Amino acid sequence: MTVFTELTMRSAEGDDDGGRGWNAGPRARLVLTMSTTALLLVGANLATPLYPELQERLGLGPFAVTVAFSSYVLALIAGLVLYGHWSDHIGRRTALVLSVLVGLAGEIVFATAGGLPGLVAGRALQGAAVAMVTGASSAALRELLPHRPEWAGRFTLLASAGGVAAGPLLGGVLALLPGPTTTPFVVHGALLVAVLVPLWTLHARPAIAPAPGPAAFRALRPRRPALPPGVRARFQQAAAVGFLSFALFGFSLSLAPGYFARTLGVSSPAGIGALAALALVGSAAVQLVGRARVQALPGALVGMALGTALIGVAGALSSLPLLCFAALFAGASQGVAFRTAFNELSVAVAPVDNAQVVSAVYVVTYLGSAVPVLGLGVLAGAVGVPSSVHWFAGTLAAACLLLAGAVRLRARRGLRRGPQG
């Protein structure tokens with residue numbers, strides 16, 4: 001099937017591609033899917049170390065930075081609701097192709113922006129691209145690993161966490177070259193084109209649920225978020241853990257780098273990118289080791305609370321070693337917590353429902369990167385950035401402790417009820 005055949009949702013029968021294209025094996029498809037996801041998330045976070053320079057060049061305040069950051073998240077959430085299920089009908093490959101094209105457009109708009117509206121528009125397009133790739137890549141990995149749902153979930157999180165972590169690092173390094181606010185996007189755009197070519201030529205598999213005849217395009221209408229039977233409790237747990245996890249990430253990728261750079265005397269974009277990536281690197285690293293164990297979830301949330309609280313302390317003490325330890329520890333704890341909750345949900349969902357459920361859980365998860373971060377921006381304008389950072393770290397740590405207690409209580413009730421409970 002060709003990209004255009006899938007977009008029109010015609011049957012594979014009578015397709016005129018004549019068998020042309022790259023009939024890649026499962027391993028190549030897995031690598032291509034993960035690469036697409038990771039690259040789009042790299043691009044979405046490429047600008048993090050550039051915000052201080054953009055603030056100065058465009059005359060923006062702290063709240064404007066949180067608005068630009070949150071526009072990406074809000075567009076992403078809207079996309080998950082509006083078209084998170086499209087890959088079930090147009091095919092995984094075509095959904096990935098569309099996401100790359102929209103991501104490229106977002107980078108061009110952001111790199112050429114002359115003010116806040118341009119930044120917001122570029123970030124919104126990037127959010128739309130990530131929304132498209134989120135459900136499609138997760139479902140594609142689940143189909144490529146039908147007998148290994150745990151590994152499918154792990155690869156999904158690894159591509160996501162790895163991409164988010166690599167974005168600030170790559171952006172900081174590329175900003176050392178001439179044209180610091182445009183060169184990172186030129187280089188990354190070339191990488192997106194490099195992955196777009198094999199995606200376009202890939203011999204795609206038929207969509208999971210192509211709707212027949214005139215009903216085809218009605219299948220693309222926005223869906224009210226819904227869950228299949230039997231996964232509500234796991235969904236609520238994964239969504240709560242995701243919300244707090246991405247509140248930490250949103251903080252790390254918005255005001256935190258500029259604040260810690262000023263506090264610690266870091267002026268290099270590469271240094272700012274490294275500060276932003278600390279928690280994300282810790283999260284990505286734990287995706288590579290160990291297995292997801294349900295019993296680890298409460299302890300991981302407590303660890304996330306401790307690490308987040310220590311981030312605030314490190315800022316107050318202007319201690320770089322403490323900040324590095326705290327951010328890495330908080331990120332690693334977050335990685336264990338989210339991987340455990342996400343895996344428990346993923347293995348309980350049938351492959352046909354995977355894209356819809358993953359999109360639904362990420363709607364709540366990404367709200368954690370928008371609502372708390374916007375609140376942080378408002379608070380920073382009222383009491384100053386240092387005080388707002390301390391309040392944010394303390395509140396997030398307390399929320400993690402409360403959730404850890406709720407998870408532990410739910411586990412004890414489940415044990416008392418037995419397997420049927």
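Note that the coordinates shown come from a computational prediction; the quantities given were computed from them, not determined experimentally.
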Visitor: Please test Leu367 against Ile77 for side-chain contact (heavy atoms from CB on, under 4.5 Å), starting from the C-alpha separation and ending with a verdict.
Guide: CA-CA 7 Å; Leu367 278 172; Ile77 293 169; 3.4 Å; yes
Visitor: What pair of heavy atoms forms the shortest contact from Val100 to Leu192, and how long is it?
Guide: CG1-O, 3.7 Å
Visitor: Over 60° means perpendicular and under 30° means parallel, so tell me whether Tyr366 and Tyr72 are parallel, tilted or perpendicular.
Guide: perpendicular
Visitor: Tell me which pairs pass side-chain hydrogen bond (donor to acceptor under 3.5 Å, both in side chains) where either residue lies in residues 227-249, with sequence neighbours left out.
Guide: Gln237-Glu344, Gln237-Arg410, Ser245-Gln334
Visitor: Sort and list the pairs that fulfil ring-ring contact (aromatic ring centres under 6.0 Å, His included) and have at least one residue in residues 162-182, not counting sequence neighbours.
Guide: none
Visitor: Search all heavy atoms of Thr365 against all heavy atoms of Ala239 and return the closest pair with its distance.
Guide: OG1-O, 4.4 Å
Visitor: Has the side chain of Ser99 got a donor or acceptor atom that lies under 3.5 Å from a matching backbone atom of Leu96?
Guide: yes
Visitor: Could you tell me which residues satisfy side chain to side chain contact (heavy atoms under 4.5 Å, CB included) with Ala393, sequence neighbours excluded, listed by chain and number?
Guide: Thr308
Visitor: One pair to check against side-chain contact (heavy atoms from CB on, under 4.5 Å): Ser333 and Leu301. What are the steps and the verdict?
Guide: CA-CA 7 Å; Ser333 299; Leu301 287 168; over 6 Å; no
Visitor: Any donor-acceptor pair under 3.5 Å linking the side chain of Thr37 with the backbone of Thr33?
Guide: yes
Visitor: So, do Leu170 and Pro184 sit near enough that their side-chain heavy atoms are less than 4.5 Å apart?
Guide: no
Visitor: Do the rings of Tyr362 and Phe342 sit parallel, tilted or perpendicular, given the 30° and 60° boundaries?
Guide: tilted
Visitor: What ring-ring contact (aromatic ring centres under 6.0 Å, His included) pairs are there with at least one residue in residues 369-411, not counting sequence neighbours?
Guide: Phe251-Phe392
Visitor: Considering only heavy atoms from C-beta outward, does the side chain of Leu320 approach that of Phe260 to under 4.5 Å?
Guide: no
Visitor: Once you round to the nearest 0.5 Å, how far does CZ of Phe69 lie from CG of Leu253?
Guide: 5.0 Å
Visitor: When you measure from the side chain of Arg123 to the backbone of Ala75, do you find a donor-acceptor pair of N or O atoms at a distance under 3.5 Å?
Guide: no
Visitor: In the structure I gave you, are the side-chain heavy atoms of Pro257 and Tyr51 within less than 4.5 Å of one another anywhere?
Guide: no
Visitor: Keeping the roles fixed (side chain from Ser388, backbone from Val385), state whether a donor-acceptor pair exists under 3.5 Å.
Guide: yes
Visitor: Rounded to the nearest 0.5 Å, how far does CG of Leu403 lie from CG of Leu297?
Guide: 7.0 Å
Visitor: Can you list every pair that meets side-chain hydrogen bond (donor to acceptor under 3.5 Å, both in side chains) and has a residue in residues 184-198, with sequence neighbours left out?
Guide: Glu107-His188
Visitor: For Ala270, what residues pass the side chain to side chain contact (heavy atoms under 4.5 Å, CB included) criterion, not counting sequence neighbours?
Guide: Leu176, Ser268
Visitor: Taking all heavy atoms of Ile272 and all of Pro52, pick out the closest pair and write down the distance.
Guide: CD1-CG, 4.0 Å
Visitor: Kindly say whether Leu144 contributes a backbone atom to a donor-acceptor pair with the side chain of Arg29 at under 3.5 angstrom?
Guide: no
Visitor: Judged by atom type as modelled, is there a donor-acceptor pair below 3.5 Å linking the side chain of Ser387 to the main-chain atoms of Gly384?
Guide: no
Visitor: Taking the side chain as every heavy atom from C-beta outward, state whether Leu310 and Phe329 have any pair of such atoms under 4.5 Å apart.
Guide: no
Visitor: Report yes if some heavy atom in the side chain of Phe155 is under 4.5 Å from a heavy atom in the side chain of Leu30; otherwise report no.
Guide: yes
Visitor: Which heavy atom of Pro168 sits nearest a heavy atom of Val164, and at what distance?
Guide: CD-O, 3.0 Å
Visitor: What is the distance from atom CG of Leu169 to atom CG of Leu280, rounded to the nearest 0.5 Å?
Guide: 8.5 Å
Visitor: Walk me through it: do Leu248 and Ile311 pass the test side-chain contact (heavy atoms from CB on, under 4.5 Å)?
Guide: CA-CA 11 Å; Leu248 173 64; Ile311 288 175; 4.3 Å; yes
Visitor: Testing the basics here: between Leu50 and Pro180, what is the closest heavy-atom pair and its distance to 0.1 Å?
Guide: CD2-O, 3.5 Å
Visitor: Could you pull out the closest heavy-atom pair between Leu396 and Ala247, with the gap in Å?
Guide: CD1-CB, 4.1 Å
Visitor: Spell out, as yes or no, whether a donor-acceptor pair under 3.5 Å connects the side chain of Ser70 to the backbone of Val73.
Guide: no
Visitor: Aromatic rings Phe246 and Phe249: how do their planes relate, parallel, tilted or perpendicular, breaks at 30° and 60°?
Guide: tilted
Visitor: Using the side chain to side chain contact (heavy atoms under 4.5 Å, CB included) rule, pick out the option among Thr182, Leu54, Val120, Thr181 that qualifies with Phe110.
Guide: Leu54
Visitor: Is there a donor-acceptor contact under 3.5 Å from the side chain of Thr134 to the main chain of Val130?
Guide: yes
Visitor: One pair to check against side-chain contact (heavy atoms from CB on, under 4.5 Å): Leu41 and Val133. What are the steps and the verdict?
Guide: CA-CA 10 Å; Leu41 284 160; Val133 81; 5.9 Å; no
